[in-house]
Amino acid sequence: MDIKRVCVVGGGTMGNGIAHVFALKDFEVTLVEAKKELADKALAVIARNLDRQVAKGAVTAAGRDAALARIKPALSPKEAPGFQFAVEAVSERMELKKSVFRELDAAAAPGAILATNTSSLAVTEIAASVKDPSRVIGMHFMNPVPVMKLVELIRGLQTSDETYQAARELSIALGKTPASAKDFPGFISNRVLMPMINEAIFCLMEGVSTKEDIDAVMKLGMAHPMGPLQLADYIGLDVCLAIMEVLHQGFCDSKYRPCPLLRQMVQAGRLGVKSGSGFYDYPGK
Ligand code: CAA
């Protein structure tokens with residue numbers, strides 16, 4: 001499938017990163033946001049992240065300008081002319097995702113593929129909201145999208161081989177390495193990552209060690225780029241809790257119970273980097 005025009009719905013952290021990587025690889029991108037101010041903000045973040053790449057010599061100034069010119073902001077998928085591939089990257093609420101998929105379905109060119117960047121919700125259920133669920137797939141990018149090499153491809157129960165192949169080829173065209181997973185709670189990435197983060201929070205809650213030493217063990221002892229508590233702050237503690245709930249409910253297994261301290265942090269509004277404090281403080285954020 002020769003894909004040239006894509007529609008990205010949602011310009012938050014993941015959506016703007018996804019639009020960024022498509023535009024850098026010469027795709028025409030429509031970036032859909034609910035309000036003009038949000039689209040403008042997403043474009044400003046993309047420009048800033050492209051500037052980082054220019055400063056590092058990874059992208060030329062002309063390449064940055066051309067990439068930015070390929071991204072057109074819009075308020076609805078209806079304003080994305082003839083898109084052949086869409087990626088939904090709105091917040092992790094099933095009803096919201098289904099309504100975005102219904103809009104995409106109504107606006108899509110015949111044969112267009114509809115992907116969700118969900119980090120843990122059931123792709124099969126999202127797919128059931130469109131006329132042809134065989135054209136729906138999970139395409140889970142990692143944050144920061146311009147940097148991380150992985151795309152997790154999740155086949156829903158009815159995803160066709162053709163859809164899977166197109167998403168796989170597209171991932172490779174974006175310079176990413178695809179890894180495929182079946183549609184089980186948390187797929188691979190969050191089924192493995194989140195229990196590790198949750199266990200680190202149990203270690204902190206039980207006084208096994210300090211946050212600094214828990215992070216140091218995983219950073220220096222296991223060569224992780226960030227310790228689990230720092231990474232949880234970076235992902236967002238509300239997101240971590242929501243994913244643990246999906247695992248807990250999806251498998252009905254107590255080994256996935258969210259740590260009470262994680263729940264308390266979310267109740268306190270200490271969500272990590274985005275709220276200015278989590279396990280660590282982020283003054284000025
Ligand atoms: N856009 C473009 N470039 C970016 C960027 C962005 N948003 N963020 C970072 N970079 C670049 C920097 O410019 C820098 O480039 P060079 O290597 O060429 O110098 C490089 O990335 C490293 O950045 P920094 O020097 O600022 O900082 P760092 O070395 O501490 O790395 C990090 C930052 C890449 C975030 C690193 O700490 C890391 O890999 N952390 C772990 C990230 C991770 O685990 N992500 C997955 C989260 S889970 C998820 O996303 C899925 C889910 O469902 C929850």
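Numbering of ligands and ligand atoms starts at 1, following listing order. Numbers for residues simply follow the sequence, beginning at 1.
Between the side chains of Q53 and H20, at least one donor N or O sits under 3.5 Å from an acceptor N or O. Side-chain N/O atoms of N143 and T13 include no donor and acceptor closer than 3.5 Å.
Both tests do not hold together for R5 against F83: distance to the six-membered ring centre under 6.0 Å, angle to the ring axis within 45°. Under the 6.0 Å distance and 45° angle rule, K211 counts as a cation-pi partner of Y280.
Taking both residues in full, the closest heavy atoms of A23 and V29 are given as N-CG2, 3.8 Å, listed atom of the first, atom of the second, then distance.
Among protein residues, N49, R52, K56, S119, H140, M142, N143, P144, P146, V147, M148, N190, L193, P225, M226, L231, Y234, I235 come within 4.0 Å of ligand 1, judged on heavy atoms.
Applying the 4.5 Å side-chain rule to ILVMFWY residues, one finds that L38 remains a lone member of its cluster.
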